[in-house]
Amino acid sequence: MQNVHWFLPEVKIQIARGIASGMIVILSIMGIDEIQSRNQQHIVYAKTTESADVEKKQDSVTARNENEQEVTQAQVAQIQLDETVEAGLNESVEAMQTDLAREIAKEERKAKLAKEKLRLERERQKNRIQLSNTDKNVLLRIVEAEATGEDIKGKMLVANVILNRVKDDEFPDSVEKVVFQKESGVYQFSPIKDGRYYKVSISKSTRTAIERVLNGEDESKGALYFMSRRQAARHNVRWFDSSLTWLLEHGTHEFFK
């Protein structure tokens with residue numbers, strides 16, 4: 001009986017040890033699983049964190065790129081605006097320069113015309129023919145009588161012939177003497193001979209013609225004679241044609257020198 005009593009406690013102890021060892025193994029297995037689980041969680045967390053960091057970095061890069069793109073677009077827009085403004089200013093400046101050039105050219109033309117007008121006026125004053133009242137009245141009457149129905153130029157040419165004679169040494173030195181001159185007892189101008197000279201009324205066109213001639217206008221080419229071929233006597237026409245140089249024709253008159 002003593003051996004039995006000794007053996008039972010020993011058996012209990014062994015069983016207890018076996019149970020303890022089993023528990024330890026179980027706990028060890030459980031601990032390993034827990035550790036692995038925690039490690040797995042850490043790994044997942046780390047990956048999640050890393051992925052989040054990557055996404056943040058990508059978002060940051062994307063945002064930076066977008067900001068840079070916006071800045072670039074803004075710069076391009078500003079450059080385009082500056083170019084547009086500059087182009088507009090250049091066009092405005094060019095337009096102002098063109099207008100200024102036109103105004104300057106216009107003023108220069110005005111000044112040139114005024115200078116030319118003054119030159120012509122001085123030339124007219126220089127060439128203006130001074131006549132006594134008597135000579136002027138004689139010139140008005142003989143031109144009205146000789147060039148009745150002629151235009152202003154025709155009347156001016158007749159007046160020029162008379163004044164050319166006054167300046168020529170072969171003729172008298174005044175209008176009155178030239179108009180009333182006789183050659184071989186015959187008056188040189190038919191209106192004196194037939195009396196038309198005394199009957200005419202001075203027209204406005206004749207006064208205008210005389211004023212222009214006295215101001216120096218002369219297109220007579222130095223003519224000293226004139227005739228109306230259809231009204232002149234044949235022997236006079238022959239003399240004009242054979243003895244003088246034909247210069248020009250205007251209206252009903254031909255002019256010679």
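With sequence neighbours left out, E116 forms a side-chain contact (heavy atoms from CB on, under 4.5 Å) with R119, L120. R212 meets the side-chain contact (heavy atoms from CB on, under 4.5 Å) test with I152, M156, T208, E217; sequence neighbours excluded. Evaluation of the side-chain hydrogen bond (donor to acceptor under 3.5 Å, both in side chains) rule for Q188 yields no partner, not counting sequence neighbours.
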Show the atom names and distances, to 0.1 Å, of all donor-acceptor pairs under 3.5 Å that link a side chain in residues 161-183 to residues at least two apart or in another chain.
residue: N164; atom: ND2; partner: N160; partner atom: O; Å: 3.2
residue: N164; atom: ND2; partner: S220; partner atom: OG; Å: 3.0
residue: N164; atom: ND2; partner: A223; partner atom: O; Å: 2.9
residue: R165; atom: NE; partner: L224; partner atom: O; Å: 2.7
residue: R165; atom: NH2; partner: L224; partner atom: O; Å: 3.0
residue: D168; atom: OD1; partner: E170; partner atom: N; Å: 2.8
residue: S174; atom: OG; partner: K177; partner atom: N; Å: 3.2

Under 3.5 Å, which donor-acceptor pairs do the side chains of residues 76-88 form with other protein atoms, sequence neighbours left out?
residue: Q78; atom: NE2; partner: D82; partner atom: OD1; Å: 2.9
residue: T84; atom: OG1; partner: Q80; partner atom: O; Å: 2.8

Show every donor-acceptor pair shorter than 3.5 Å between a side-chain atom in residues 233-257 and any protein atom, with sequence neighbours excluded, or say none if there are none.
residue: W239; atom: NE1; partner: S243; partner atom: OG; Å: 3.4
residue: D241; atom: OD1; partner: R229; partner atom: NH2; Å: 3.0
residue: D241; atom: OD2; partner: R229; partner atom: NH1; Å: 2.9
residue: S242; atom: OG; partner: R238; partner atom: O; Å: 2.7
residue: S242; atom: OG; partner: W239; partner atom: O; Å: 3.4
residue: S243; atom: OG; partner: W239; partner atom: O; Å: 3.2
residue: W246; atom: NE1; partner: E254; partner atom: OE1; Å: 3.0
residue: H250; atom: NE2; partner: D151; partner atom: OD1; Å: 2.9
residue: H250; atom: NE2; partner: D151; partner atom: OD2; Å: 3.2
residue: T252; atom: OG1; partner: E150; partner atom: OE2; Å: 2.5
residue: E254; atom: OE1; partner: R229; partner atom: NH2; Å: 3.0
residue: E254; atom: OE2; partner: R229; partner atom: NE; Å: 2.8

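Side-chain contact check for S190 versus Q231: every heavy-atom pair is 4.5 Å or farther apart. With a 4.5 Å cut-off on side-chain heavy atoms, R196 and K199 do not count as touching.
Within a 6.0 Å radius of OH in Y187, no more than 12 heavy atoms belonging to other residues, nucleotides or ligands are found.
Separating the CE atom in M96 from the CG atom in L89 is a distance of 11.0 Å, to the nearest 0.5 Å. Taking CD from E91 and OG1 from T98, the interatomic distance works out to 11.5 Å, rounded to the nearest 0.5 Å. To the nearest 0.5 Å, atoms CD (E103) and CD (E107) are separated by 6.5 Å. The distance from atom CG of L139 to atom OG1 of T206, rounded to the nearest 0.5 Å, is 10.0 Å.
The hydrophobic clustering, which links ILVMFWY residues whose side-chain heavy atoms are closer than 4.5 Å, places F226 and V186 apart. The cluster map of Ile, Leu, Val, Met, Phe, Trp and Tyr, joined by side-chain heavy atoms under 4.5 Å apart, puts Y198 and V138 in the same cluster.
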In sequence, state the C-alpha distance, the side-chain angles, and the governing distance for E211 and K136, and then conclude on salt bridge (Lys or Arg N to Asp or Glu O under 4.0 Å).
CA-CA 10 Å; E211 284 302 313; K136 186 174 181 179; 2.8 Å; yes
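The closest side-chain donor-acceptor pair between T134 and S132, if any, does not fall under 3.5 angstrom.
Annotation for F189 and I142: closest pair CB-CD1, 3.9 Å, computed over non-hydrogen atoms. The shortest non-hydrogen separation linking A145 to P191 is CB-CB, 3.6 Å. For the residue pair A209 and K155, the shortest heavy atom distance occurs at CB-CB, 3.8 Å.
No donor-acceptor pair closer than 3.5 Å links the side chain of E219 to the backbone N or O of L157.
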